[in-house]
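The structure appears right after this line, and notes come after that.
Throughout, a chain's letter reflects where its sequence line sits, starting with A, and its residues are numbered from 1.
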Protein chains: 2
Amino acid sequence: MGMAHVKVADELCTVSLPAALLGERWTLLLLRQAFLGTRRFEDFQTAMDISRSVLTERLGTLVEEGILRREAYKEVRTRYEYRLTEKGLDLYPVLMALRKWGDKWMSPDEGPSFDLHHRSCGGDVGVHVACEECGAELTARDVRVTPLRDPR
Amino acid sequence: MGMAHVKVADELCTVSLPAALLGERWTLLLLRQAFLGTRRFEDFQTAMDISRSVLTERLGTLVEEGILRREAYKEVRTRYEYRLTEKGLDLYPVLMALRKWGDKWMSPDEGPSFDLHHRSCGGDVGVHVACEECGAELTARDVRVTPLRDPR
DNA sequence: AGCTAGGGTTCGGAATCCGAACTCAAGGGG
DNA sequence: CCCCTTGAGTTCGGATTCCGAACCCTAGCT
């Protein structure tokens with residue numbers, strides 16, 4: 001149990017730790033599904049067509065990591081829900097960035113299967129990497145990387 | 001060969017396709033390494049401590065997917081480089097979003113191992129999900145999801 | 001009493017992953 | 001000329017992980 005290939009990330013970098021977690025089969029899909037509103041074991045299982053044992057395991061690590069929270073609803077006949085915690089909701093930019101990229105580079109011919117719009121004004125949803133200081137949009141080339149420690 | 005668990009993604013959604021690709025062991029790590037400037041087989045191998053056979057395979061699918069391009073440099077004694085294509089460079093927001101999240105939620109005690117700054121003005125790098133229309137910063141709750149087709 | 005629903009667990013076989021050793025081609029040094 | 005090293009992979013047997021299908025348990029329903 002626990003995050004599967006932590007070893008992968010023992011070079012303490014703030015990309016590699018999440019990457020070890022999210023770069024596990026099913027995890028990203030599971031999160032997407034959670035953001036779409038899925039909450040119950042059975043619903044995840046049928047929506048993603050994942051094997052039940054692996055689903056149990058993935059939900060488990062996500063709960064351990066504090067990204068999902070498992071809570072009972074319906075006290076009378078206990079049933080459980082897996083809901084995104086604040087930590088989990090904070091992954092929204094990751095999923096949106098992924099979607100933007102998918103729209104541009106891997107879009108099936110029929111186009112995306114969902115439209116996303118700002119609830120209050122109807123505008124498109126954008127994801128931007130920008131300088132907090134001057135506001136310029138940044139690409140990898142515009143960014144200087146300064147190692148702070150030996151990165152492994 | 002080919003993208004490993006495409007089956008996972010056959011519900012044509014622009015998150016699930018990239019998620020199937022990037023949610024494969026090592027792939028995110030490999031991309032992070034590529035953005036840090038690693039280009040050669042040996043360097044990836046020692047930097048990530050990945051098994052050579054799996055590295056061969058991952059580099060292969062990434063090339064197939066057009067995210068990396070394999071090209072010879074040094075014609076005299078042929079050696080190869082794997083470099084990010086435009087499609088690959090476009091994944092920058094995904095990695096940055098991941099890093100932001102890692103900084104906030106999984107940062108090791110010593111803090112991140114790199115600093116990133118806007119090359120020209122020194123400002124911090126930000127990642128934002130915002131409405132293209134009104135500019136408001138958006139969370140999952142502010143976004144309406146409209147299914148366009150049956151999503152599976 | 002028997003049936004169904006929700007949420008898992010168990011299990012054997014299939015697919016992946018891992019580390020270590022091996023390959024092959026081309027310089028370089030002596 | 002012969003041996004050593006480098007870069008970039010392959011190959012292979014054993015260890016992990018994944019998968020599908022079947023099974024389990026509890027409560028309510030009829």
Side-chain angles (χ1 to χ4, degrees), chain A residues 1-11 16 19-30 33-34 37-64 68-83, chain B residues 1-11 16 19-30 33-34 37-64 68-83:
Chain A
M1 288 286 160
M3 199 188 318
H5 44 300
V6 184
K7 201 191 68 192
V8 165
D10 57 6
E11 44 173 307
S16 49
L21 176 63
L22 302 185
E24 213 168 9
R25 260 233 266 236
W26 297 109
T27 304
L28 280 168
L29 267 306
L30 209 159
Q33 207 58 46
T38 302
R39 291 179 180 173
R40 294 184 321 189
F41 188 93
E42 296 294 318
D43 295 342
F44 280 110
Q45 207 272 313
T46 61
M48 313 195 308
D49 195 35
I50 182 181
S51 88
R52 306 172 75 75
S53 44
V54 175
L55 178 56
T56 302
E57 199 180 291
R58 286 296 174 277
L59 287 170
T61 58
L62 254 14
V63 168
E64 272 177 45
L68 296 177
R69 142 176 49 101
R70 177 179 190 265
E71 65 183 33
Y73 65 104
K74 283 216 325 180
E75 312 177 358
V76 49
R77 160 113 199 245
T78 322
R79 277 304 95 114
Y80 299 100
E81 279 190 330
Y82 293 90
R83 319 193 48 164
Chain B
M1 288 287 159
M3 198 186 321
H5 44 298
V6 183
K7 200 191 68 193
V8 165
D10 56 4
E11 45 173 309
S16 48
L21 176 62
L22 302 185
E24 213 169 9
R25 251 214 292 224
W26 297 108
T27 304
L28 281 169
L29 266 307
L30 210 160
Q33 207 58 45
T38 303
R39 291 178 183 177
R40 295 184 319 189
F41 189 93
E42 296 294 318
D43 295 342
F44 280 109
Q45 207 270 314
T46 62
M48 314 196 305
D49 197 35
I50 183 181
S51 87
R52 306 173 73 75
S53 43
V54 175
L55 178 56
T56 302
E57 198 178 292
R58 287 297 174 277
L59 288 170
T61 57
L62 253 16
V63 168
E64 271 177 46
L68 296 177
R69 141 176 53 99
R70 179 180 188 265
E71 63 183 35
Y73 67 105
K74 280 216 327 178
E75 311 177 0
V76 49
R77 160 115 199 244
T78 322
R79 274 309 92 115
Y80 300 98
E81 277 190 332
Y82 294 88
R83 319 195 48 164

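- Side-chain N/O atoms of B:R40 and base N/O atoms of D:dA8 include no donor-acceptor pair closer than 3.5 Å.
- When all heavy atoms are compared, the tightest approach of B:L55 to B:M48 is CD1-CE, 4.3 Å.
- Between the OH atom of B:Y73 and the P atom of D:dT6 there is a distance of 14 Å, rounded to whole Å.
- Close to D:dT17, at under 4.0 Å from its OP1 or OP2, lies no side-chain N or O of B:R25.
- The listed nucleotides are D:dA8, C:dG7, C:dC17; the one nearest the side chain of B:E57 is C:dC17.
- Taking side-chain N and O atoms only, A:W26 has no distance below 4.0 Å to OP1 or OP2 of D:dT17.
- A straight line from CZ of B:R52 to C1' of C:dG19 spans 11 Å, rounded to a whole angstrom.
- The one candidate from B:Q33, B:Q45, B:E81 that meets the side-chain hydrogen bond (donor to acceptor under 3.5 Å, both in side chains) condition with B:T38 is B:Q33.
- Taking atom CD on B:E42 and atom P on D:dT10, their separation rounds to 13 Å, with Å as the unit.
- Separating the CG atom of B:D49 from the C1' atom of C:dA20 is a distance of 13 Å, rounded to the nearest angstrom.
- Rounded to whole Å, the distance from CG on B:L59 to P on C:dC17 is 13 Å.
- If you take CG of A:L55 and P of D:dC19, they are 11 Å apart, rounded to a whole angstrom.
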*Could you walk me through whether B:R40 and B:E42 pass the salt bridge (Lys or Arg N to Asp or Glu O under 4.0 Å) check?*
CA-CA 6 Å; B:R40 295 184 319 189; B:E42 296 294 318; over 6 Å; no
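- Nearer to the 5' terminus of DNA chain C, by closest-nucleotide assignment, is the contact made by A:R79 (compared with the other of A:T56 and A:R79).
- Atom CD1 in B:I50 sits roughly 16 Å away from atom C1' in C:dA20 (whole-Å rounding).
- Proximity of B:T61 to B:T27: side-chain heavy atoms (C-beta onward) are nowhere separated by under 4.5 Å.
- For the pair B:Q45 CD and C:dC17 P, the interatomic distance rounds to 15 Å; values are reported in whole Å.
- Taking 3.5 Å as the limit, the base of D:dG20 and the side chain of A:S53 contain a donor-acceptor pair of atoms between them.
- Phosphate proximity of D:dG9 to B:R70: present, with a side-chain N or O under 4.0 Å from OP1 or OP2.
- Note on B:Y82: only backbone sugar-phosphate atoms sit closer than 4.0 angstrom, heavy atoms only; bases stay farther off.
- A salt bridge does not link B:E64 to B:R70: none of the charged nitrogens lies less than 4.0 Å from a carboxylate oxygen.
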